[in-house]
Peer 1: 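Sharing a structure, written as structure tokens. Questions coming.
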Amino acid sequence: NCSERDPPYAAAAAVMEDTRGTAEQRLHAYSKTFCDFSPIGRPPQPSSEMTIDYIFASRGVRVLRHCILNVHLPRVQLSDHRPVVVDLVC
């Protein structure tokens with residue numbers, strides 16, 4: 001849970017690749033991964049959203065798809081983070 005400007009991201013990016021940038025295809029229902037909890041029935045507010053979740057892979061691993069899924073269901077809030085899913089070929 002950090003931004004791209006934070007030391008943990010920089011440490012991971014120094015030895016691996018952020019799959020969001022190397023994916024052949026990006027399937028994003030949303031561009032941000034943190035959506036905060038909004039009142040039931042109201043979609044998350046864009047002003048409170050940010051990207052703080054990443055999947056890193058070793059350099060040279062082929063990243064087919066990077067997806068940020070939409071899990072905002074009516075009357076149900078599973079998490080304040082959207083799932084990030086990656087398809088890799090090793």
Side-chain angles (χ1 to χ4, degrees):
N1 291 342
C2 66
S3 78
E4 292 179 37
R5 298 178 303 273
D6 292 330
Y9 181 94
V15 295
M16 296 180 285
E17 293 181 320
D18 182 346
T19 57
R20 185 180 50 177
T22 59
E24 295 174 16
Q25 186 178 26
R26 291 172 197 81
L27 305 171
H28 296 162
Y30 289 90
S31 62
K32 308 297 183 189
T33 62
F34 177 75
C35 58
D36 201 359
F37 280 118
S38 297
I40 297 292
R42 189 186 89 202
Q45 300 302 301
S47 62
S48 66
E49 295 183 358
M50 61 186 93
T51 298
I52 59 173
D53 303 285
Y54 309 90
I55 297 177
F56 287 88
S58 297
R59 299 188 195 287
V61 170
R62 184 174 173 203
V63 183
L64 300 178
R65 283 176 289 280
H66 181 278
C67 310
I68 300 172
L69 305 179
N70 178 13
V71 294
H72 188 80
L73 305 172
R75 308 182 69 79
V76 177
Q77 292 178 306
L78 304 174
S79 175
D80 58 350
H81 295 252
R82 294 186 178 103
V84 180
V85 179
V86 175
D87 292 322
L88 305 171
V89 176
C90 298

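Computed from a predicted model, the values in this text were never measured in an experiment.
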Peer 1: For Arg59 and Val15, work out which heavy atoms get closest and say how close.
Peer 2: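 Scanning both residues completely, I find the closest heavy atoms to be NH2-N, 3.8 Å.
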Peer 1: Which distance, rounded to the nearest 0.5 Å, do you find between the CZ of Arg65 and the CZ of Arg26?
Peer 2: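 The distance works out to 13.0 Å.
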Peer 1: Using a cut-off of 6.0 Å, state whether more than 12 heavy atoms not belonging to Arg5 lie near its atom CZ.
Peer 2: no
Peer 1: So which heavy atom on Ala57 is nearest to which on Leu88, and how close?
Peer 2: CB-CD2, 4.5 Å
Peer 1: How long is the span from the OG1 atom in Thr51 to the CG atom in Asn1, to the nearest 0.5 Å?
Peer 2: 12.0 Å
Peer 1: Check Asp53 against Thr33 and note the closest heavy-atom contact, atom names and distance.
Peer 2: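 Reported closest heavy-atom pair: OD2-OG1, 2.9 Å.
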Peer 1: Specify the closest pair of heavy atoms between Thr19 and Phe56, including all atoms of both residues, with the distance to one decimal.
Peer 2: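 Where Thr19 meets Phe56 most closely, the heavy atoms are CG2-C, 4.2 Å.
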Peer 1: For Tyr54, what residues pass the ring pair (Phe, Tyr, Trp, His ring centres under 6.0 Å) criterion, not counting sequence neighbours?
Peer 2: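 Expected list: Tyr9.
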Peer 1: Pick from Arg82, His66, Arg20: which one makes a side chain to side chain donor-acceptor pair (under 3.5 Å) with His28?
Peer 2: His66
Peer 1: Indicate the atoms forming the closest heavy-atom contact of Lys32 with Met50, along with that distance.
Peer 2: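 What the structure gives for the nearest pair is CB-O, 3.6 Å.
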Peer 1: Taking all atoms of both residues into account, what is the closest heavy-atom pair of Cys90 and Val61, and its distance?
Peer 2: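 Closest approach of Cys90 to Val61: SG-CG1, 4.4 Å.
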Peer 1: Are the side chains of Ile52 and His81 in touch, meaning some heavy atoms are under 4.5 Å apart?
Peer 2: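 When only atoms from C-beta onward are counted, His81 and Ile52 do touch, with a gap below 4.5 Å.
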